[in-house]
Amino acid sequence: MTVALWSQSMTGANPTHIGANAPTVKPRPAFAQTDLVALSRYFSLLMMRNITSDGYVIEDPTSPGVFSAPGCVIAAPSYPANTPGVDQDYVFNWVRDGAITAIEIALAGLLPVPGGVSPSLVDYVNFAALCQANAKNSATVTLGHACFTIAGEVRPWSEQNDGPAIQSIAIMTLFDQLDGATQTIAKQLVEANLAYLLEVYQNKTTNLWEEYEGYSFFARAVQLRFFREISTNTIGIAVPVGVADAISWLESQLATHWNGQLYVSILDAAEQAGYDANIDIVSSVCYGGIEPTDTKLLATAAILRRQWADPSSSNYYPVNGADAAKGLGPLFGRYPGDHYDGDVGAPVVGGHPWALCTANFAEFQYRLANAIDASGAIPLDQFSEPFFAELGLGASSSAAEASAALRASSDAMLRAIVYHSDHYELSEQFDGTVGYEKSVRNLTWSYASFLSAVRARAVAPAAKSKPRNPRGAKS
């Protein structure tokens, strides 16, 4: 990979949280020359630094003498004492983040040990089983509990019912890379998650961003994908009769999130103003059962892009204007009324773009391009017309032109992530005005989302129907 040296002013472009003695000259990624596939292999190595084993053990930074169990996926190695200016502690295991990471390990093509077994995935399954057992033994949490310590103990946090679904999707994806004893544990994990989800899928749950309890589009989409995949599973899990009813119910309820302009992120919740358009709708394509060709989803995606990339929008990120001049971006945030600064827990008006949100949008567009390649048709109607128009596409455009435009657009988004990275390391967020990295460093999900997007970029149309896991899966 090629890098260029750049000078950075100490008057604002150099964030204080990277240290008062940070050098003013450092290598800057050469975004145009960087090979995205080659870079994804490097990101895979960086991601693996956040996964413990029996030989790689970390100590809980807030509980001396407490050590990680093998297979713990920490959200990030950042906590206040080692990240001055950032008061967030991410040295915990979130069920969702761990599952998304396990999917990327399973699909990364890493060399297994003799017998075709992946030690990292064996550790992941055993750690997941430890957390599930501790949740079962708790009188205060459910199997939807979202966050655990590095030792697998229940940490006070919210119940998030997308977690058991995406964990089960991950286990079905990685199942063939386990030894026989761990496959038995894996099946028990999925069976317990299945029984639990059949009881609660119609209920409210805490949403993806861990802010509100209601009927979450993302949680419903992930549950839908899980129920669909379990209904045709090949790992020997019996399919209860209630699964078919769950699929039908979730499909009908997801349709109720359409408000005439976009899909609403969460229903029947007292959320703040400005919660839509929310990137979790697009993330539902990456991790859930939503098709990228859904024209109402495309209408939502058009609004998402405009609200952060259009200079006339009140939610515009100035960094996207500077990036556009370089042929990069745009970068995407979570939702327009976001108050989470990333550096501090206290509400800070404005919000910033996230690496994972940008990568998820890029992946959605790659998947759409793959679908157009496979069908030879553009899903163009009154809902999707604004989305395609932003790419210079319309009724006279060919499928090949649409596919090429989508891929080029997504490449520019991934290259923006590369451009703003700190020497090819990814934090959680980028400053929306200047573009420097902020919030916790080396966020595991940032790497996993980039890997997932690059996999979608490389998928040939004929590979769409790959058995068992057609798609790859806050801290």
Donor-acceptor pair, Ser68 side chain versus Ile58 backbone, under 3.5 Å?
-> yes

Ser158 and Gln160 side chains, donor-acceptor separation under 3.5 Å | yes

Using modelled atom types only, decide if a donor and an acceptor are shared between the side chain of Arg415 and the backbone of Thr34 within a distance under 3.5 Å.
-> yes

Where the side chain of Ser403 meets the backbone of Ile372, is there a donor-acceptor pair that is under 3.5 Å apart?
-> no

Assess the side chains of Asp97 and Thr444: does a donor N or O sit below 3.5 Å from an acceptor N or O?
-> no

State which residues pass salt bridge (Lys or Arg N to Asp or Glu O under 4.0 Å) with Arg49; sequence neighbours excluded, sorted by chain then number.
-> Glu425

For Asp162 against Arg96, the heavy-atom pair lying closest together | OD2-NE, 2.7 Å

Hey, are the side chains of Phe127 and Val73 touching, using non-hydrogen atoms and a 4.5 Å cut-off?
-> no

Could you check if a side-chain atom of Pro379 sits within less than 4.5 angstrom of a side-chain atom of Leu298, using non-hydrogen atoms only?
-> yes

Is there side-chain contact between Leu39 and Val418, with at least one heavy-atom pair below 4.5 Å?
-> yes

Report yes if some heavy atom in the side chain of Phe450 is under 4.5 Å from a heavy atom in the side chain of Leu414; otherwise report no.
-> yes

Do Asp338 and Trp209 have side-chain N/O donor and acceptor atoms under 3.5 Å apart?
-> no

Do the rings of Tyr263 and Phe217 sit parallel, tilted or perpendicular, given the 30° and 60° boundaries?
-> tilted

Residues Arg407, Asp373: salt bridge by 4.0 Å N-O rule | yes

Test side chain to side chain donor-acceptor pair (under 3.5 Å) applied to Glu251 - qualifying residues, sequence neighbours left out = Arg228

Looking at Phe364 versus Phe361, is the centre-to-centre ring distance below 6.0 Å?
-> yes

Are the side chain of Asn93 and the backbone N or O of Ile150 linked by a donor-acceptor pair below 3.5 Å?
-> no

Is Thr256 reaching over with its side chain to a backbone N or O of Ser252, donor-acceptor style, under 3.5 angstrom?
-> no

Got a sec, which residues hit side chain to side chain donor-acceptor pair (under 3.5 Å) with Asn82, two or more places apart in sequence or on another chain?
-> none

Determine, step by step, whether Asp123 and Ser53 satisfy the side chain to side chain donor-acceptor pair (under 3.5 Å) criterion, reporting the C-alpha distance in whole Å, the side-chain angles of both residues, the deciding distance to 0.1 Å, and the verdict.
-> CA-CA 7 Å; Asp123 286 344; Ser53 68; 5.1 Å; no

Within the side chain of Ser427, is there an N or O that forms a donor-acceptor pair under 3.5 Å with the backbone of Lys438?
-> yes

Partners of Tyr275 by ring pair (Phe, Tyr, Trp, His ring centres under 6.0 Å), sequence neighbours excluded?
-> Tyr212, Tyr335

With sequence neighbours excluded, residues passing ring pair (Phe, Tyr, Trp, His ring centres under 6.0 Å) with Phe430 = His420

Side-chain contact, heavy-atom cut-off 4.5 Å: Pro80 with Gln88?
-> no

Worked check of side chain to side chain contact (heavy atoms under 4.5 Å, CB included) between Asp431 and Val319 = CA-CA 8 Å; Asp431 183 87; Val319 66; over 6 Å; no

Taken in chain and number order and not counting sequence neighbours, the residues that satisfy side chain to side chain donor-acceptor pair (under 3.5 Å) with Tyr447 are Asn442

Does a donor on one side chain sit under 3.5 Å from an acceptor on the other, for Ser40 and Arg457?
-> no

Looking only at atom types and distance, does a side-chain atom of Thr358 sit under 3.5 Å from a main-chain N or O of Leu331, one as donor and one as acceptor?
-> no

Leu451/Ser44 under side chain to side chain contact (heavy atoms under 4.5 Å, CB included): CA gap, chis, key distance, verdict = CA-CA 7 Å; Leu451 298 178; Ser44 179; 4.1 Å; yes

When rounded to the nearest 0.5 angstrom, what is the spacing between CD in Gln261 and CZ in Phe383?
-> 11.5 Å

Can any side-chain N or O of Glu428 pair as donor or acceptor with the backbone N or O of Gly342 at less than 3.5 Å?
-> no

Side-chain heavy-atom pair Ser446, Ile417 within 4.5 angstrom cut-off | no

Indicate whether any N or O donor in one side chain lies under 3.5 Å from an N or O acceptor in the other, for Tyr340 and Glu210.
-> no

Is any side-chain heavy atom of Asp276 less than 4.5 Å from a side-chain heavy atom of Asn259?
-> no

What distance do Arg305 atom CZ and Ser313 atom OG have between them, rounded to the nearest 0.5 Å?
-> 13.5 Å

Angle class for the Trp308/Tyr317 ring planes (parallel below 30°, perpendicular above 60°, tilted otherwise)?
-> parallel

Would Gln365 and Met413 count as a side chain to side chain contact (heavy atoms under 4.5 Å, CB included) if you check the C-alpha gap in whole Å, the side-chain angles of each, and the deciding distance to 0.1 Å?
-> CA-CA 10 Å; Gln365 290 195 148; Met413 294 171 192; 3.5 Å; yes

Please tell me if the side chains of Phe387 and Leu368 come closer than 4.5 Å, counting only heavy atoms from C-beta onward.
-> yes

Under 3.5 Å, side chain of Ser410 to main-chain N/O of Ala362, donor-acceptor pair present?
-> yes

Side chain of Thr173, backbone of Ile169: donor and acceptor closer than 3.5 Å?
-> yes

